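Only this structure's heavy atoms are used, side chains among them; waters, hydrogens and symmetry mates stay out. What you see is a predicted model; the values in this text were computed from it and never measured.
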Amino acid sequence: MNAAERDEICALTATDIAAKVRAGELSPVEVTDAVLARIEAVDPQLHAFCTVTPEHARAQARRVADDVAAGKDPGPLAGVPMGIKDLICTKGIRTTSGSPAYRDFVPDEDDIVVERAVAAGAVVLGKTNNSEFGFGPVGQNPLFPTTRNPWNTNLTPGGSSSGSGAAVAAGLGPIALGSDGGGSVRIPAALCGLFGFKASMGRVPVYPGCRDDRYPGVSGWESIEHIGPLTRTVADAALALSVLAGPDPRDRHTIPAGDIDWTRRRPISELRIAYSPDLGRIAVDPEVRRITEAAVSVLERDLGAKVEQPDLQLPHYEEIFGAIIAADTDLTGLRALADRFGHEMSPRLLDFVRTPWTAEQLTDANIVRKRVVNRLARLLADYDLIVTPTVSTAAFPIGFHGPEMIDGRMVDADHWTAFTPIANLAGLPAANVPAGWTEDGRPVGLHIVGRHLADDLLLDACTAYEEAAPWAHRRPSLGTAL
């Protein structure tokens with residue numbers, strides 16, 4: 001297979017790969033070999049993968065090929081190459097969570113989403129990089145080289161699902177799984193020009209992940225954590241969700257999924273949209289504001305949505321988010337790990353672990369969370385969707401957690417990510433859709449939040465937007481064609 005043939009395969013969507021493999025028109029082994037070759041050629045520039053498993057992937061691809069040859073149904077994800085975030089457990093494959101404390105950890109079971117994806121015919125390429133235990137919206141950790149953005153390798157791809165975003169944007173597989181406790185699927189989707197989707201809380205089961213008490217650091221964020229796909233198209237995300245969603249007794253938060261047909265899209269009309277460019281307080285880069293406003297005009301002009309700008313009146317939840325995480329976390333276990341490995345761990349994580357949290361901080365945070373949930377429920381009684389920028393700046397240089405100044409305002413390092421946590425606090429479905437590119441070629445994302453459990457309406461709206469303002473044809477070059 002020459003480079004042109006390889007890149008032609010790597011440019012296919014997951015939907016196309018699965019259909020061609022199931023029809024016997026494309027070999028899953030050739031698909032796997034093509035993507036592994038592209039990883040070998042491209043990933044030294046990006047560090048999207050921290051662990052690549054070529055023999056494991058080829059063995060899975062051969063099983064899919066054997067099923068096709070025998071006339072058996074290989075599953076909805078037949079032969080689809082997939083990257084798995086290194087916070088998501090993979091049986092027999094090293095899962096470090098980006099931490100020295102787990103540098104040699106090999107799980108004894110798959111996370112439910114991996115188990116389901118493989119049963120549906122997916123081919124696991126390996127583990128994608130992330131910040132240590134997911135603490136941080138960029139791709140830095142103490143174990144591996146920092147992940148870089150395929151659109152400009154001097155810039156961050158966002159995080160904490162940094163490797164998953166960089167991998168899909170660079171054509172290193174059409175789907176990668178990320179976890180999202182405050183925006184960690186949607187943030188890299190925004191900075192890498194991808195579709196990123198976080199379903200309603202409980203739609204997609206999480207276990208062992210943040211539910212398993214055996215793994216301090218991994219077992220955190222329980223009440224706000226989700227797993228979701230990063231893809232180049234809405235259809236690919238819907239295909240993944242058709243496999244990943246559904247209850248499992250190992251996750252007490254999961255809910256029945258029978259009311260959703262994930263792959264069936266319906267036309268939309270007369271959507272009521274509450275749009276806020278800044279939530280009344282968030283500093284937003286002027287170019288990001290301009291691009292997101294143009295995207296909102298597509299919703300109004302081309303899709304017939306009724307767009308209003310109400311005062312969302314959301315409390316200052318950014319100030320309590322750390323306490324919500326602390327309440328979900330095994331602080332005793334994490335502090336013990338910090339005592340052993342603290343000289344190697346991320347300073348940002350150590351600051352969190354060593355904070356002397358009080359009972360009042362934790363309970364006050366829960367009260368603010370209730371206010372957010374109640375306010376969003378009232379808003380979404382009057383509107384179908386809430387739309388904002390996904391993040392308030394395009395990608396910035398690696399080595400930083402965030403810009404110090406946005407639109408002439410001095411801000412703290414996490415200020416640029418303040419839009420996304422609302423969906424986690426309230427358990428609402430939320431997505432990033434590419435809104436456009438800055439003049440110097442950096443992607444900008446539009447954040448769309450739906451009603452509780454109205455995941456299908458949100459996907460319908462994202463599909464309609466994608467048809468009106470397509471994005472998947474635009475790819476980073478990285479010096480090699482796609």
| Taking everything shown except Phe400 itself, do over 12 heavy atoms lie less than 6.0 Å from its CZ? | no
| task | Could you check Ser223 against Asp328 for side-chain hydrogen bond (donor to acceptor under 3.5 Å, both in side chains), going step by step and ending with a plain yes or no? | result | CA-CA 7 Å; Ser223 71; Asp328 278 351; 2.7 Å; yes
| field | Backbone of Pro429 reached by a side-chain donor or acceptor of Asp455 within 3.5 Å | value | no
| query | Is a side-chain N or O of Arg442 found less than 3.5 angstrom from the main chain of Ala395, in a donor-acceptor match? | reply | yes
| field | More than 12 heavy atoms from other groups under 6.0 Å of CZ on Arg340 | value | no
| OG1/Thr53 to CD1/Ile93 distance, rounded to the nearest 0.5 angstrom? | 4.5 Å
| said: Is it the case that atom CD in Glu40 sees more than 12 heavy atoms from other parts of the structure closer than 6.0 Å? | reply: no
| request: Decide side-chain hydrogen bond (donor to acceptor under 3.5 Å, both in side chains) for Asp236 and Thr15; before the verdict, give the C-alpha distance in whole Å, the side-chain angles of both, and the deciding distance to 0.1 Å. | output: CA-CA 6 Å; Asp236 278 3; Thr15 303; 2.6 Å; yes
| query | Under 3.5 Å, is there a donor-acceptor pair between the Gln140 and Thr146 side chains? | reply | no
| message | Could you tell me if Thr96 and Asp86 have a donor-acceptor pair between their side chains, going purely by distance under 3.5 Å? | response | yes
| Aromatic plane relationship, Phe135 with Phe352 - under 30° parallel, 30 to 60° tilted, over 60° perpendicular | tilted
| said: Any side-chain to backbone donor/acceptor pair from Glu225 onto Gly181? Under 3.5 Å, distance only. | reply: yes
